[in-house]
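This report concerns only the one structure given below.
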Amino acid sequence: MKELIEVLAQSLVDHPEEVTVTETEKDNEVLFELKVAQEDMGKVIGKQGRIAKAIRSIVKAAASRTDKKVTVEIGQ
């Protein structure tokens with residue numbers, strides 16, 4: 001799952017080397033924190049948050065097999 005988020009984000013940004021994803025797991029929840037360079041934030045979020053929503057939808061679909069709640073947060 002972590003690799004999926006990294007590949008998606010790296011394909012969108014100008015500075016793919018600055019993309020990092022951290023995974024935190026508690027009980028039945030998994031939190032992924034996606035961090036990108038400041039100038040790439042707009043590319044990852046998209047107009048009206050459409051790209052961010054699409055990334056979250058893809059990750060939720062991939063996580064549907066695991067019976068865990070998955071959350072993706074985007075920051076810098």
Which atom pair, heavy atoms only, marks the closest approach of A37 to H15?
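Closest approach of A37 to H15, heavy atoms only: CB-CD2, 4.4 Å.
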Shortest non-hydrogen contact from A62 toward M1
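Looking at all heavy atoms of both residues, the shortest contact is CB-SD, 3.8 Å.
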Once you round to the nearest 0.5 Å, how far does CD of E29 lie from NZ of K69?
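One gets 5.0 Å once the value is rounded to the nearest 0.5 Å.
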Could you measure the distance from the CD1 atom of I74 to the CD1 atom of I5? Nearest 0.5 Å is fine.
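Going from the CD1 atom of I74 to the CD1 atom of I5 covers 9.0 Å.
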A side-chain contact here means heavy atoms from C-beta on lying under 4.5 Å apart; do [X] and [Y] qualify?
{"X": "L4", "Y": "I58", "value": "yes"}
{"X": "V21", "Y": "E33", "value": "no"}
{"X": "T71", "Y": "F32", "value": "no"}

Would you list the pairs meeting salt bridge (charged side-chain N to carboxylate O under 4.0 Å, His left out) in which at least one residue belongs to residues 52-66, sequence neighbours left out?
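As it turns out, there is no salt bridge (charged side-chain N to carboxylate O under 4.0 Å, His left out) pair with a partner in residues 52-66 once direct neighbours are skipped.
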For residues 2-27, which residue pairs qualify under salt bridge (charged side-chain N to carboxylate O under 4.0 Å, His left out), counting only residues two or more places apart or in two chains?
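Sorted pair list: D14-K43, E25-K68.
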List in chain and number order the residues that pass side-chain contact (heavy atoms from CB on, under 4.5 Å) with L12, two or more places apart in sequence or in another chain; answer none if no residue qualifies.
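In terms of side-chain contact (heavy atoms from CB on, under 4.5 Å), with neighbours along the sequence ignored, L12 is linked to I51, I55.
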